[in-house]
Amino acid sequence: MSTEIRDMQRSKLYKWERTMFPTMHTGCMTLDECKELAAKLYGARVLVKDGRGCRKALAYTSKRLPTIGLPKWARNPQVIAHEVAHWVAKGQGAAHGGFFLGAYITLLANHLGHDKTMLVESARAFGLRVIIE
């Protein structure tokens, strides 16, 4: 029996991201810029790796530190905020659940200049659960 929480809104969240941020999958930052932004968003030490050999951006633990793997296409502010939100919401439900989405939207609004109310409303209109703490 698995104790892992089912990630029920993952695919719907990805569709919402593609609608909200159509250029999200276009790398526009250097790896050093990504490192600076990840540290700013998380407020702690984050390892940012180049994601060589990966097709997806990843948030994981390496050497007991929060780590983000960023292939070239993923080197943009929205993807970095998405991956950092995994660390902010760690242990609070499904990987792309309501707490994650609340953390993601808060990062986008507080650090990247997006309108928080508009993002929450659009996510909910997409049928996504958003929990803002």
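If you read the sequence from its start, that first residue is 1, and numbering goes on from there.
- Hydrophobic clustering (ILVMFWY, side-chain heavy atoms < 4.5 Å, transitive): W87 and I132 are in one cluster.
- Between the side chain of R75 and the main chain of L70, a donor-acceptor pair closer than 3.5 Å is present.
- Separating the SG atom in C34 from the CD1 atom in I80 is a distance of 3.5 Å, to the nearest 0.5 Å.
- Distance check: L13 CG to M20 CE gives 11.5 Å after rounding to the nearest 0.5 Å.
- Other residues, nucleotides and ligands place more than 12 heavy atoms under 6.0 Å from the NZ atom of K116.
- Considering only heavy atoms from C-beta on, H96 stays 4.5 Å or farther from M8 through its side chain.
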Contacts table for residues 97-105: side-chain donor-acceptor under 3.5 angstrom, sequence neighbours left out:
residue	atom	partner	partner atom	Å
Y104	OH	E17	OE2	2.8

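- Rounding to the nearest 0.5 Å places NZ of K12 at 8.5 Å from NZ of K15.
- Without hydrogens or angle criteria, Q78 side chain to M24 main chain gives no donor-acceptor distance under 3.5 Å.
- Nearest heavy atom pair, residue M29 against residue E33, reads CA-OE1, 3.3 Å.
- Side-chain contact between T26 and N76 is absent, with no heavy-atom pair separated by less than 4.5 Å.
- In this structure, P66 and T61 have side chains that are not in contact, with every pair of non-hydrogen atoms separated by 4.5 Å or more.
- Looking at K56 and P71, their side chains never come closer than 4.5 Å, going by heavy atoms from C-beta outward.
- One hydrophobic cluster holds both W73 and Y14 under the rule that ILVMFWY side chains link at heavy-atom gaps under 4.5 Å.
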Kindly list each side-chain donor-acceptor pair under 3.5 angstrom involving residues 38-50, sequence neighbours excluded, with atom names and distances?
residue	atom	partner	partner atom	Å
K49	NZ	S62	OG	3.3
D50	OD1	R52	N	2.9
D50	OD2	R52	NE	3.3
D50	OD2	R52	NH2	2.7

Hey, can you pull the donor-acceptor pairs under 3.5 Å for the side chains in residues 118-130, sequence neighbours left out?
residue	atom	partner	partner atom	Å
S122	OG	W16	NE1	3.0
S122	OG	M118	O	3.2
S122	OG	L119	O	3.0
R124	NH2	V130	O	2.9

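- Summarising the geometry, atom NE2 belonging to H86 is positioned 13.5 Å from atom OH belonging to Y60; distances are rounded to the nearest 0.5 Å.
- V79 and A57 get closest at one heavy-atom pair: CG1-CB, 3.7 Å.
- To the nearest 0.5 Å, atom OG1 of residue T30 and atom NZ of residue K72 are 11.5 Å apart.
- Between H82 and F21, every side-chain heavy-atom pair lies at or beyond the 4.5 Å cut-off.
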